[in-house]
Structures are given as C-alpha cells and as structure tokens.
Number of protein chains: 2
Amino acid sequence: MKLGQVTIVDIAKELNISPSTVSRALKDYPGISDETKEKVKALAAKWSYRPNAVAMSLRRSKSFTIGVIIPEVVHFFFSTVISGVEEIAFSNGYNVILCQTNESLAREKSSIETMLSNQIDGLLVSFSKETVDFEHFKKLIDINFPIVFFDRVPDLENTVNVTVNDFQGAFEAVKHLIAQGCTKIVHLAGPKNLDISKQRQKGYMEALKQANIPLNQDWIIECPKGTQEESFQITKEIFEKSPVPDGVFASNDIAAAGSMMALKSLGLKIPENVGVVGFSDWQFSAMIDPPLSTVSQHGFNIGQTATKLLLDLIDKKKEAITTREHRTIVLETELIIRQSSQRKKF
Amino acid sequence: MKLGQVTIVDIAKELNISPSTVSRALKDYPGISDETKEKVKALAAKWSYRPNAVAMSLRRSKSFTIGVIIPEVVHFFFSTVISGVEEIAFSNGYNVILCQTNESLAREKSSIETMLSNQIDGLLVSFSKETVDFEHFKKLIDINFPIVFFDRVPDLENTVNVTVNDFQGAFEAVKHLIAQGCTKIVHLAGPKNLDISKQRQKGYMEALKQANIPLNQDWIIECPKGTQEESFQITKEIFEKSPVPDGVFASNDIAAAGSMMALKSLGLKIPENVGVVGFSDWQFSAMIDPPLSTVSQHGFNIGQTATKLLLDLIDKKKEAITTREHRTIVLETELIIRQSSQRKKF
DNA sequence: TTGTATGCGTTATCAC
DNA sequence: GTGATAACGCATACAA
C-alpha cells in the first residue's frame, strides 16, 4: 500500500508492464487482454489510484474547469445562479472555479487573468458595476475564447448572452401597479451603466405611456449602490415633497424593502396608500411585511442555461467550428403578486 | 503577435536564448544580465505572456487551489462563508473551487474525489446532513492532507475545526426569552446528526435549567429539513394543543419564519403572545414582520478564519512539520434583539 | 496484444 | 551569465 499519490508508473512497475499498457487498461482501450485489464484495475482499486487531473490537463490542453465571475456571492440572485451553474457543470464532469469581484473592475481583470492562467476551458461572466470599458473581454472574444455573459451583458459584437426580459418584466410590474389604481409611480432605478437598469426603466416608461400617464423625470431616481439605506433615504425625501406618489417600482427587492421601511416610518400604509413592486424575488421578499410583489428572474434557470451554452461553445471550439454567432437568450420573467401591491382587494 | 497561448519557449526562440534563461529572467533570478531581463520582459509584455498554472502545478506539485465543499450555495449563511473564504484565498494567491453537495453524501464523496484529482492543496468542508460516517474524511486526515471543517464539524481526532459557540448562542437566546417573560418555550431543533443541533439544544436546556423551568420533552421537536413549510406545520400542531406555549426558539431563521407565519395564522401576536428567536441572522430576518431576533454567526468571519487556518496547514505541510494538532476555533455568536422577542416594551 | 518514445509548459540541477 | 537536460503524470503515434 503506497502512501500519497499513486501513479500509473507505480502500477506499471508493480505488474512489470509498461505505463502505456496501464493507461490503456484503465480506459478500456480495445486491444488489451482481459487478463491485463483485470490485473491493472484490481491493483488500481487496491491502491486507490486517482488520475492526476493536472497532468491530464497539461497533456490534453483541456482542464474541464470553467470559471465564474460574479460581483458578489452574498446576493440571493447570484447565489441562485451559481447553484444552477454548479448543477450543470458537475453533471457534465466540469469543475467550477469562482471569483467575486466585489463590484471592482481591477479585481475583475485580475481574476480573469488568474483563471486564464489556470487554463479554464470557458468563462461565465456577470461584470462589475465599475465595468464600462469591455476591452478585457473583447480580447478574449477576438481569439474565440468560450465566454458567456449573463444578467449583465456587454455592448459588444459576437457575444453569447443570457438575460431575462427586463423590459417586459418591468413593464408588467408597472402595468400591474397601474391596474391597481396607482397613477403617481416612482421608479427607483439601478446603476446607469448596466443595461438591465436601462431596460427596466424603459419598461417603466412604456407602461406609463400606454396608460397615458405623463412621465415625471423627478420620479426616476438612480440608486447606484442598491442598498436599503440608500433607498430608505431617497424614498423619504420624495414622499415628503408634494405631490405625494402612490406607487413605487424598485429595480431590486433590497431597494424596495428599504423603501417600504421609509414609507412605514412616514406613516404611509402599504399597499393602501402606496403600492410597491420590486425586482428579483429575493428569498426574504415573501416574508417581509407586507409580502413584497416582485418580478422573478429565475436565477437557477439562468445559471443552467448559461452553463449549457458555454459547454456548447467549448465543444464547438474543439470541433474547430470557428464561426462565432452572436446570440442572446432572453428568458422570461414572472410577475409575482403579493400583498404589497394588491390595492384592489383592500 | 502570436495567437493563443504564448509559452516560454516561444519567447526563447524569438530572442535566440534558452527557455531556462527566459524562465529565470521573468522571475528576477540573480545571475541574469539586466539586458536579458529587459528584453525578455518586454517581449513577454508585448506578447502578453501568461504563465501556464497547470504546468506549474504539475512541476511543483502545488496547485494554489483550495476546494470548498458546502451543502448549498443558496443559503445565506454559506454564501457569507464563501465570501470570506474567497476573500482570504484571493489575497493569498489561491483559487477557490466550489462544490455543493445538496445535502447528499454520495455527492460529497464524489466531489472530494474530483477535487483531489485536481490536486487541490487543501479542503474546506461543511458536510452534508446525510453524513454520519466519516471514513472518507478520516482517510485524508490520516495521510495528513490539509483539511479544515467549519460549522458542521465531525467527531474525529486530529481535525482542525471552526465553529461558533452554538451552545452559548442558544443559551443566551433562550435566557433572553425567559427574561422577556416566556416560560413555556418550544425548541424547533435541527437535524439530530449535526453537532451544531445538539449544542443548540443543550444551550436551550441549560437556560431552562438555570431558570428552574421544568423541561418538557414534547416541546423539543426536530425539524430535519429545516424548511419553512415544515416548521409551519409543526408549529401549528403544537400551538393547537394545550398548554399553549409562549415562546419559540428555532435552530435557524427559516424555521423561525415558518413558525411565525403559523403563529399569525392562528391569530397569535408576536411578541405579545409568543416571543420568537431564531438562529443565523439571515438577510431577511431584519425585514420580516416583526423583525426577527436571532443569533448571528458571523459567517464571513468563519470563512476567513477557516481559510487562514487551512493556509497555515498547507504551509506547515510544506515545511514537513507533520505533528498534526487537534484544534477547534470557537467563534463567539452575537444575540441580535429585534422586535419578535421584545415583550417587555409592549 | 504490448512496449517505446515523445511532448504538454515549466523549472531545478547540473554543466559550461 | 547562460544553456542543456530531466522530470512532474499522462496519453498517444508509432513500433514490434
């Protein structure tokens, strides 16, 4: 019984055969006698031989590892996505190596470098809020490196993206608020440099337009940080002015929750005085008071879809199919109506 | 300008020097002329040379990668831990490769195999609820493989563990409930095979004992799944019987939330009729109605601490210090008092 | 059916 | 100061 890592050579020596025979026996190559196979496999099992994936990576120029770059792990949506990624990757024999950027561009760049150094076969990215220039991604795309963007997608050519229909999701959320009798609806918008923020804002505007409600630019407020405190503050300021709004559409649930706290502190009732809808369906959203209506993005599904696409790209690359197509998969959102917006029942 | 991966050999050829010289120049080895260094570094930069970490791993038998095994990514506590792990790993030049077991033992085993195959330098583990036999870990510990357990720690010798003081946390939570006037306190316990569950239950019992409150075994109910639905159901059943309890101490916040919903549905007021305290301080806990009192575990800190310990173990192994010590770092918890348990103010 | 030789990219150890 | 060589563990083209 050997200590530490047993190699193919150890087995070969013990059985007085060549390493290549061992290698072939272990992989059921045709043209190896059953007897040899048996012997090799038995000893491999006995010594609990474990192939060295690093050596295989080097030899075959393939690591069976994909990298995932996300802004933050501690973010319900992203952790859901990771879960989906991990699921598909694992069942296809791939490993997942993870880096969070903490919304920093510098960290994003260095993480990518490290991952490339580690010979990842492909990359899954949701870039940071600081990322406005996409050169570091463009370089990879130009050399046809498999990469799939999700949720936050760049304005670049020849990319493969997975997003949800943010426009439609926002549109329906606001349409719902209007149907519930809201006419003065504030939009707590996300960071301006993210396309998802723009789309959600567009959806908001389109819903107002279709209902012939005039747009009040003062009621579109950017929440760059997206924290509760921020939206708490912003909501307070707006609702202390006149005219007082009767609806809030927040671009994420955390902002919505902060907003709800502010409304409560002002003595306003939800949904009677103000209807509120968020975005993302965080885990807490069903549990707060009142339960928050929101737009679900199905993060698990995004993760799965993005990973499947990435594995496709990796396979295609292997087959030397170099025609790279630009593709964006848009998954549908789902409006989840809870109490925070149900004014018609009250 | 070369396409694809540039190697040390490419640079050597271009400059008509040997690969070893290039290697040394890049790492500022003594005994290389400044001129050569300049030339090499310039070309490396120009061609954006990126060292092949896989080749280095093979050569040096060190991958600068650590594996993390957790039950679920979509679990606020664990995602917080990951965040801490990633932080320390990254700043020490290590990569993090992640596998979730989904609470399955089979998956736990195969994940570990894969990671070992990938030559990880160390392992961070919080094992699955199914894991009652620790042979697969024992094997690793016996060969002195660097491994640190966190949160859920095994009953094995010579392990390095990071936990929080679950006993003390539970003790203080229940003591607080008693101080708030609760005398009939139910305990929604965690899975029996986890030490953390046992500790929390002990803390619960000790607090009762010190207050001379007789223990009612019927009021310790195991919630093996830990879902909201489960604790909702269990709570309903208990509170429909007589005598009706006036306090709930749940071994996690999700269970507490489910319990609170059940209480509300029974027309009971929180905290007036029933005081509730949870465990873990999930993100949603401050936002539900009423805000949930809970015991914070400081997951980020756990992740950081465990990773630091692991890197220590890895370094020690390198130095061939083989005296393995058994060590358990116990981090303190923090009782966070919110409305769900504040009966004295009402 | 099996063995030999070579190379994946890097670096430590000699040698010059 | 620099170069040649071997080795990390494995897979495979080519021999036998």
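Below, chain A is the first sequence line, B the second, and so on; all start at residue 1.
- Taking a 6.0 Å sphere around CG of B:D155, one finds it holds 12 or fewer heavy atoms contributed by other residues, nucleotides or ligands.
- B:D142 places no side-chain N or O within donor-acceptor distance of the main-chain N or O of B:K139, the cut-off being under 3.5 Å.
- Ion pairing between a basic and an acidic side chain is recognised when a charged N comes within 4.0 Å of a carboxylate O; B:E87 and A:R107 show such pairing.
- Side-chain atoms of B:E86 come within 3.5 Å of backbone N or O of A:Q100 as a donor-acceptor pair.
- Around atom NZ of A:K138, no more than 12 heavy atoms belonging to other residues, nucleotides or ligands sit under 6.0 Å away.
- If you check every strand for non-hydrogen atoms under 4.0 Å, B:P51 touches sugar and phosphate atoms only.
- Atom P of nucleotide D:dG9 and atom CD of B:Q119 are separated by 8 Å, given to the nearest angstrom.
- Proximity of residues 21-30 of chain A to DNA chain D (heavy atom under 4.0 angstrom from any strand atom) is restricted to A:S23, A:R24, A:K27, A:Y29.
- Rounded to a whole Å, the CG atom of A:L15 is 12 Å from the P atom of C:dT2.
- Listed pair A:T7 / D:dG9 fails the phosphate criterion, with no side-chain N or O lying under 4.0 Å from OP1 or OP2.
- Atoms CD (B:E35) and C1' (D:dT2) sit 13 Å apart, rounded to a whole Å.
- With D:dG9, D:dT2, C:dT10 as the candidates, the nucleotide lying closest to the side chain of B:I32 is D:dT2.
- B:K13 places its NZ atom 20 Å from the P atom of D:dT2, with the value rounded to the nearest Å.
- Two residues are said to be in side-chain contact when any heavy atoms from C-beta on lie closer than 4.5 Å; A:I196 and A:R152 meet this criterion.
- By the 30° and 60° cut-offs, the orientation of the rings of A:F149 relative to A:F137 is perpendicular.
- Across the protein-nucleic acid pair, A:R50 atom CZ and D:dC10 atom P stand 12 Å apart, rounded to whole Å.
- Atom-to-atom, CE of A:M56 to C1' of D:dC8 comes out at 16 Å; the value is rounded to the nearest Å.
- DNA chain D is contacted by both B:G31 and B:S61; B:G31 maps to the nucleotide lying nearer its 5′ end (nearest heavy atom per residue).
- To the nearest 0.5 Å, atom OG1 of residue B:T131 and atom CG of residue B:L105 are 4.5 Å apart.
- Between B:Y94 and B:F64, the two ring planes are tilted [angle within 30° to 60°].
- Each end of the helix from C:dT1-D:dA16 to C:dC16-D:dG1 gets its own axis from five base pairs, and the two axes differ in direction by 50°, given to 10 degrees.
- Using a 4.0 Å cut-off, no side-chain N or O of A:S20 falls inside it from OP1 or OP2 of C:dT4.
- Spacing between atom CG of A:N118 and atom P of C:dT10 amounts to 13 Å, rounded to whole angstrom units.
- Here B:T36 does not reach the OP1 or OP2 of D:dG1: none of its side-chain N or O atoms lies under 4.0 Å away.
- Comparing C:dT1, D:dA11, D:dC10 by their nearest atom to the side chain of A:R60 picks out D:dA11.
- Note: CG (B:L58) to C1' (C:dG7) measures 12 Å, nearest angstrom.
- Judged by distance alone, the side chain of B:T159 and the main-chain N or O of B:N161 form no donor-acceptor pair under 3.5 Å.
- Comparing D:dC10, C:dC8, C:dT11 against the side chain of B:R59 picks out C:dT11 as the nearest.
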